[in-house]
Amino acid sequence: MPGVERFRVEGGGRLQGEVRVTGAKNSVLKLMAAALLAEGESTIVDVPAILDTEIMAELLRRLGCGVELDQATDGGPGAGGSVRIDVPAVPGHEADYDLVRRMRASICVLGPLLARCGQVSVARPGGDNIGSRPLDMHISGLERLGATIETEHGFIVAKAPRGLTGAQVWLDFPSVGATENILMAAVLAKGTTVIDNAAREPEIVDLCFMLEQMGAKIGGAGTSTLEIQGTDRLTPTRHVSVPDRIVAGTWAYAATMTRGDVFVRNGRAEHLEIALDKLVRSGATVERVAPGEGDEGGFRVRMDERPKAVDVVTLPFPGFATDLLPMVLALNSVADGAAMVTENVFEARFMFVDELARLGADVRTDGHHCVVRGKERLSGAPVRAHDIRAGAGLIMAGLVSDGVTTVSDAYHVDRGYPGFAEQLRSLGVDVTRETDPDALLEG
Ligand code: EPU
C-alpha cells in the first residue's frame, strides 16, 4: 500500500558488479498508448516491472483493451518483461481521475484516442511534487489540428467529429508530453503536420520508430522539426523499447559517489553524453562497450577517489536531464569543492534539497540555482521521497552517509526503478525495505 514501506540504507560500502537496465519507463508508457492507434494486438518488449506500467495496463483495460502484462522477473529486476495489448475496433474514450492522479503520464492517451475515436475525456491531472506542469501546449497543438477542447467537471474533453487535419504547430518549449500527444494525433490526421521546436529525447525517437513500424510516415525523428504525413489506418506491431537512460544514469552516479565499479549492461552511453562527461570531469573512468553478436553492450563506470564537484545546468535533451538532478546534487554533496547546479525544467525539483540538508549536506538554493559545498561524508537520518528521482537520489545519499538513513514513501521509487533495493544488494550494499512505523501511525 502506498506510503507504508520505506527503504533502510546502511551507510558505507561501494557499488561493485554488473546491473542491467530494462526498457525506459518514459518510453514504454507512451508506446503502450501508441498501441491504441491500431486495432489488433501490439506487443512491447523489455518492459520494466514497475508500478507505472501496471497503472497504464489498467487504464488500457478500462478503455476496453485486452492487456497481458508479463512482469516475470525470473532473471531478476534487470530482466525486462513484455506487454501484449489487444485493441478493439472502437476503444473507450474516457480516462478516470483515480488512475490519472496516480500517474500523470496517463495524459498521453489524449492524442491517440482523439485520433482514433474523434472524442476523448481525460481527467485533468492535479498538482505535482516537481512543479506545476501545465498542459497548454498539448491543448493548443491539438486545437491546431482541428480539435475543440474544453475542461468540464475536472476532465479535458476534446472533440474532432470530422477527424483531424494536419497543420503547422510551434511549441513554445520542446515539451516531451506535448510533442508525443500531437505526434500520436497527427499520424491519423488528413494531410501533413509539422511540429517545430519538438522534443528530441531518445524516447520520442523510439515512439517514432514504433509508429513507423505501424505504418506512419514521419520525417525528422530526433531533430527539432517533425514532419508527419497522416494516414487512414495503422497496423499493430511488436516493438522493443529503448533502454532507460535515467536508470542507467542513476547507476553511473551511484557508482561514482560510492567510489565503486559498475558495468551497466544495456545502458546507452550516447543517450547520456553530458551526464557521463560530468562524471569523467569528476574523476571517474567511463568505458563504453559496443553491442556485439548476442551481447547488448553497455558502459562501465569506475571511481577510485573522492569525486570533484561539477557544475550542471539541466535542459531538454541533449542537455543534462532534469531527472538526474537529484543524483548530481547528491554527488556534489560529498564532492571535493563547491558547485552550482541550475534547474531549468521543473521549478519544484529543489524540494529534494531540504531532504538532502537533513543528511547534513551544505546546500543553498536561490531561485532555480543551488550551490552545494561538498563534505567528506553525510550523516544518516530519516528522510522522505517526494518523487521517483528524489527517492533514488536520497537512497544514494544514504549510501555515503554515516549510520542508517530511512527513505519513506518507497512507492515513489517503485514507480520508476524495478527492484531497486534488490539490485543495490546485488551490487554489494545494504539496502532493504521495511514497514514504515510513522506511516502506520498516520494511516
Ligand atoms: N510544460 C508547459 N506546458 C505544457 C507542457 C509542458 O508549460 O503544455 C512545461 C512543464 O511544466 C515543464 C516543461 O514544460 O516545465 C517540460 O515538461 P515536459 O512536457 O517536457 O515533461 P513531461 O512530458 O511532463 C516527461 C517525463 C518526465 C521528465 C520530463 C522532462 C514522462 C512520463 N515524464 O514529462 O519524467 O522529467 O519529460 O524530461 O515521460 C520522471 O520520469 O521521473 C519524470 C518526471
Side-chain angles (χ1 to χ4, degrees), residues 23-34 48 50-53 55-56 59 100 102-111 124-144 149 151 156 169-184 195 197-207 224 241-242 244-250 271-272 274-275 314-327 343-352 368 385-393 411-418 420:
K25 166 181 87 80
N26 289 346
S27 200
V28 166
L29 298 174
K30 324 307 168 61
L31 301 173
M32 290 173 75
I50 52 173
L51 216 49
D52 276 13
T53 47
I55 297 174
M56 187 52 113
L59 176 61
V100 176
R102 288 174 66 198
M103 187 185 70
R104 42 175 312 123
S106 310
I107 198 73
C108 68
V109 299
L110 188 64
R124 208 187 162 99
D128 190 280
N129 282 341
I130 58 176
S132 75
R133 307 183 80 176
L135 296 169
D136 53 310
M137 287 186 266
H138 300 239
I139 291 171
S140 61
L142 295 173
E143 283 174 342
R144 294 279 305 179
I149 305 184
T151 295
I156 298 170
V169 178
W170 294 272
L171 296 179
D172 293 343
F173 182 92
S175 154
V176 171
T179 303
E180 290 163 340
N181 257 328
I182 299 163
L183 168 66
M184 287 193 273
I195 309 176
N197 201 20
R200 292 182 281 162
E201 270 68 5
E203 295 76 27
I204 304 266
V205 178
D206 199 29
L207 176 61
S224 52
S241 166
V242 68
D244 198 315
R245 67 195 160 98
I246 305 301
V247 174
T250 302
H271 293 163
L272 283 164
I274 296 183
T314 69
L315 281 172
F317 190 84
F320 189 99
T322 172
D323 289 342
L324 290 174
L325 180 88
M327 320 323 164
E343 169 59 42
N344 286 317
V345 184
F346 290 116
E347 80 270 7
R349 269 248 143 100
F350 281 151
M351 271 169 79
F352 169 76
H368 60 135
H386 289 111
D387 73 89
I388 307 174
R389 312 301 169 189
Y411 68 95
H412 280 301
V413 177
D414 299 340
R415 290 189 44 203
Y417 291 86
F420 200 47

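For clarity, every value in this text was computed on a predicted model and none was experimentally measured. In each ligand, atom 1 is the first atom listed, and ligand 1 is the first ligand listed.
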What protein heavy atom sits nearest [atom], and how far off is it?
atom: atom 24 (O) of ligand 1; answer: R133 NH2, 2.9 Å
atom: atom 28 (C) of ligand 1; answer: D323 OD2, 3.4 Å
atom: atom 15 (O) of ligand 1; answer: V345 O, 2.5 Å
atom: atom 26 (C) of ligand 1; answer: N26 ND2, 3.5 Å
atom: atom 41 (O) of ligand 1; answer: R389 NH2, 2.7 Å
atom: atom 2 (C) of ligand 1; answer: M137 CE, 3.4 Å
atom: atom 19 (O) of ligand 1; answer: S175 OG, 2.6 Å
atom: atom 11 (O) of ligand 1; answer: P134 CD, 3.2 Å

Side-chain heavy-atom pair [X], [Y] within 4.5 angstrom cut-off:
X: E203; Y: L207; answer: no
X: V176; Y: K30; answer: yes
X: I388; Y: K25; answer: yes

Quick one: does ligand 1 sit under 4.0 Å from the side chain of [X], the backbone, both or neither, non-hydrogen atoms only?
X: K25; result: side chain
X: K30; result: side chain
X: D172; result: neither

Can you list the atoms of ligand 1 that are under 4.0 Å from a heavy atom of [X]?
X: G177; answer: 19 (O), 23 (O)
X: H138; answer: 5 (C), 8 (O)
X: A105; answer: 32 (C)

- Considering only heavy atoms, which of L324, D136, L325 lies nearest to atom 3 (N) of ligand 1? D136
Within the distance-only criterion (no hydrogens, no angle test), does the side chain of [X] pair as donor or acceptor with the backbone N or O of [Y] below 3.5 angstrom?
X: N181; Y: G111; value: yes
X: T179; Y: A198; value: no
X: R124; Y: T151; value: no
X: S175; Y: H138; value: no
X: D206; Y: V242; value: yes

- Message: Under the criterion side chain to side chain contact (heavy atoms under 4.5 Å, CB included), I'd like the reasoning laid out for R389 against M327: C-alpha separation, chi angles, the key distance, then a yes or no.
- Response: CA-CA 8 Å; R389 312 301 169 189; M327 320 323 164; 4.1 Å; yes
- Does T322 have a non-hydrogen atom less than 4.0 Å from ligand 1?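 Yes.
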- Message: Taking only non-hydrogen atoms of R349, do any sit less than 4.0 angstrom from ligand 1?
- Response: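 So R349 counts as touching ligand 1.
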- Flag the pair D52 and R104 as a salt bridge only when some basic side-chain nitrogen lies within less than 4.0 angstrom of an acidic carboxylate oxygen. no
- Query: Which heavy-atom pair separates A178 from L171 by the least distance, and what is that distance?
  - Reply: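 Heavy atoms of A178 and L171 come nearest at CB-CD2, 4.3 Å.
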